[in-house]
Amino acid sequence: MTETTDRGSLRAVVGRPEELLDRASRAAEPAEFVVTPERLHRRNLKRRLAERATPRSSLRLTDATAIASRLLDAAGEPSETIDRIDRLKHLESLLERDTEANERLRAAVGSDLPAHAETIAAAQTRVAEMTGWDDECLHALSTVAEGLPSVAARDTADLLAGVRALERGLAERVGAVHSRETLLPAAAAALRDRPALWSETFPTAERISVAGVSAVDAPLLSLLDAATAAGVDVTLSLRPGTGQSIVDRLPDRTEADLSADGRDASIAPDLAAAEFVADTPEAEARLAAGVVAAHLRNGVSPSDVLVVARDAAEYERPLRRAMGRQGVNLAVWAQLPVERTIPYRQFAATCAVLAADELDVDRLLEPLEFHWVPPATAVEDADMDDWPLSTADIGELRTALATDSGTERSLVGWADRLGAVVDAGEIQPERARPLRTFLDWAREQPGTPEPVAVHETFEPLVEAGRELALPSVFAEDSADLGRTSRYARALSRIEELLTDTRAKYREWLDAGDVLRSWLAIADLAERVVTTRPGRREHANAAAVDVIDATDAWLREAPHVVAVGLVDGVWPRRVESVFPDAFRQAVVAGDSAAARRLAVPGRWTAAREADHLASGLGAATETLCCTRYRRDREGTARERSRLLAEVSTRQVDEAAAQSLLTAGTLPDALAADGGGAR
């Protein structure tokens, strides 16, 4: 990009993401940054370009924080942010203080503020999204709050006062740049002060495209606005549900001249959808499975069928069960709930055993219940067949060891107790040997672990789990190998967890924030695992993908089945600590003050429409939508109001029954290409 003081352009395009594909080309260096909110969006973009055999060296797929960090580094200014775990730690400390701002927070969220740290942190993030902590935007926010009915005005004012005080406290503790929401405005300020910083940092980058977003928050817009002032052309590739409202509000939020295309974009796909209605979620899953299986029997490749949901994880269990009956393998692209997996529960239970001075028999045996297997160095090869212990083996140990209910012993005490019951003939020596192995191993571990002990203690257990426990899970798994895949993913995630926890443990020890203990390690691991998402599925051409609908952005599949088109499920009801009246005022933008604010994507049902448009719009040949009438508690559930914008043809009961019993696709699907491509 040549040196210039001319301002770059700001252009918004609604509902036409394919424009990105047309700009891709071969180049020695990237000329355009493409910023997307999800990694899967970048994967979809790469996939579409590969399908078109289009070179993409002119594009650099990245995120806004990477751009901002590079700019601040080049300017010689701080760019180091803290992660969410440290931010929550600091917030909890600040919330324990006796301050006027905290008293106001107590009035809004409850007396035990540290217990509500997650909720308060979410409120702080929403304020940052709306304002970027800009003084004029904060004033506009207060103006909107003052115009609310009295109770809502007071509650909102209390929350705003509290989170603003927390933001000041964080800045004093860790510096003004501590999060994405402060990093982007800091980079914007540096760029405004020295517009040439852009060309110095990114000599060949002439354009930024922000794609696949349902919100353009204040921190992001501040960076984009500064980039246009430095001569960069910015394109916002917006989604059809939220795009128009973002475009309408941009003139009040930026000084850049805005041009907009695609104002008539619709969430409705080009295809008419066959609509199935079932009585229950389980019956709905069976109908969806019937449609998928019928396509496959007609010669369609599994990779040409896509199942989309508002939240794929919520549908994983019923879909796996229903698809299993049809012999269909699934790859569910949902974040792995690591904290609910057997390998993680084994890790937590083992930490509890290592930390305890005394413990009862149930806590002692918990690691074994969660497939604890010894490192190879702890047992002879001949003993490997003993692992992992079965439920019956563990039950036999519990029966033999139990005395008075709740009796607690040290590890040495339990070793003595085990020896006594073996000597008394209450359990055979070979049946007691696995627990003896566990007790010997546990007593060898350090009582006050250094950071290195995280890996030294648990890495051999993960390796042993992969060698011994994983094959046993595989042997008992169903044909779709869902449990095996989940277990293997969990083991890989535990390996990452050990690295993250060790680093955080060392950092907190150096700062004097924790004592050396296995309980501290377990607590930090829990914080890490609940704030950093687990891995998603890997691509598998022999399996049908099930994904969150938003992740279908820019993806194409001949046959799409959308499940869960039920009000309250899709769209999902908004949850927030802020009063409804305040959220509605911000979203409506009926005042000059409100129009200065960014709308958090989570606050608007239009974001749900974006997800629907991405999911349904992926279909190129046939489209099927399913829903249910009653939830698992028997409560009547209404049809999703989002379907009012989609052309649908409801499948009658006779055709639905024919699908389930004979595997016959209804005319609404077969006539549009239900057979092989």
Side-chain angles (χ1 to χ4, degrees), residues 338-375 377-379 387-389 391 393-422 427 431-462 464-465 469 494 497-498 501-502 504-506 508-509 512-530:
V338 184
E339 69 278 9
R340 298 202 296 271
T341 64
I342 288 175
Y344 176 77
R345 296 173 75 181
Q346 178 206 123
F347 169 86
T350 304
C351 284
V353 169
L354 297 179
D357 293 328
E358 293 186 339
L359 66 165
D360 62 23
V361 67
D362 290 329
R363 287 179 63 195
L364 174 69
L365 296 177
E366 255 197 342
L368 300 175
E369 290 183 296
F370 295 131
H371 295 182
W372 185 92
V373 293
T377 56
V379 292
W387 305 95
L389 296 190
T391 302
D393 292 335
I394 295 170
E396 184 179 358
L397 285 167
R398 180 179 284 106
T399 300
L401 293 173
T403 52
D404 298 331
S405 176
T407 298
E408 295 188 348
R409 292 182 170 87
S410 66
L411 293 178
V412 172
W414 281 116
D416 292 341
R417 171 65 180 163
L418 182 62
V421 299
V422 170
I427 188 171
R431 311 292 283 180
R433 186 169 53 207
L435 180 56
R436 177 79 66 187
T437 299
F438 174 67
L439 288 167
D440 290 344
W441 173 87
R443 285 186 292 171
E444 291 173 358
Q445 307 313 309
T448 53
E450 296 292 334
V452 68
V454 175
H455 272 100
E456 289 181 346
T457 297
F458 284 100
E459 198 168 46
L461 296 183
V462 174
I494 294 298
L497 176 65
L498 296 180
T501 302
R502 175 178 175 174
K504 190 60 62 181
Y505 183 50
R506 180 189 299 111
W508 283 27
L509 280 176
D513 291 330
V514 294
L515 299 175
R516 284 175 176 79
S517 73
W518 290 109
L519 284 181
I521 289 171
D523 176 64
L524 284 171
E526 183 180 13
R527 290 171 181 256
V528 171
V529 83
T530 55

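Only this structure's heavy atoms are used, side chains among them; waters, hydrogens and symmetry mates stay out.
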Once rounded to the nearest 0.5 Å, what's the spacing between atom [atom1] of [X] and atom [atom2] of [Y]?
X	Y	atom1	atom2	value
L439	W414	CG	CH2	9.5 Å
L389	L365	CG	CG	9.0 Å
L524	K504	CG	NZ	8.0 Å
I394	E366	CD1	CD	10.5 Å
L401	E396	CG	CD	10.5 Å
L497	Y344	CG	OH	7.0 Å

Less than 4.5 Å apart, side chain to side chain, heavy atoms only: is that true for P449 and I521? yes
Locate the shortest heavy-atom distance separating [X] from [Y]; write the atom from each residue and the value.
X	Y	answer
V454	L498	CG1-O, 3.7 Å
A415	R436	O-NH1, 3.4 Å
L397	A432	CD2-CA, 4.2 Å
L411	A442	CD1-CB, 3.8 Å

Distance-only donor-acceptor hits, side chain of residues 349-364, under 3.5 Å, sequence neighbours excluded:
residue	atom	partner	partner atom	Å
T350	OG1	Q346	O	2.7
D360	OD1	D362	N	3.2
D360	OD1	R363	N	2.9
D362	OD1	R398	NE	2.9

Plane angle bin for W372 and W387 - parallel if under 30°, tilted between 30 and 60°, otherwise perpendicular: perpendicular
Residue of the set V528, D523, V529 for which side-chain contact (heavy atoms from CB on, under 4.5 Å) holds with T501: V528
Can you list the residues that meet the side-chain contact (heavy atoms from CB on, under 4.5 Å) rule with R506, with sequence neighbours excluded? P451, R502, D510
Taking it one step at a time, do F347 and E526 satisfy side-chain contact (heavy atoms from CB on, under 4.5 Å)? CA-CA 10 Å; F347 169 86; E526 183 180 13; over 6 Å; no
Please tabulate, for the side chains in residues 513-520, all donor-acceptor contacts under 3.5 angstrom to protein atoms that are two or more places apart in sequence or on a different chain.
residue	atom	partner	partner atom	Å
D513	OD2	K89	NZ	2.7
R516	NE	E450	OE1	3.2
R516	NE	E450	OE2	2.9
S517	OG	A520	N	3.0
W518	NE1	P446	O	2.7

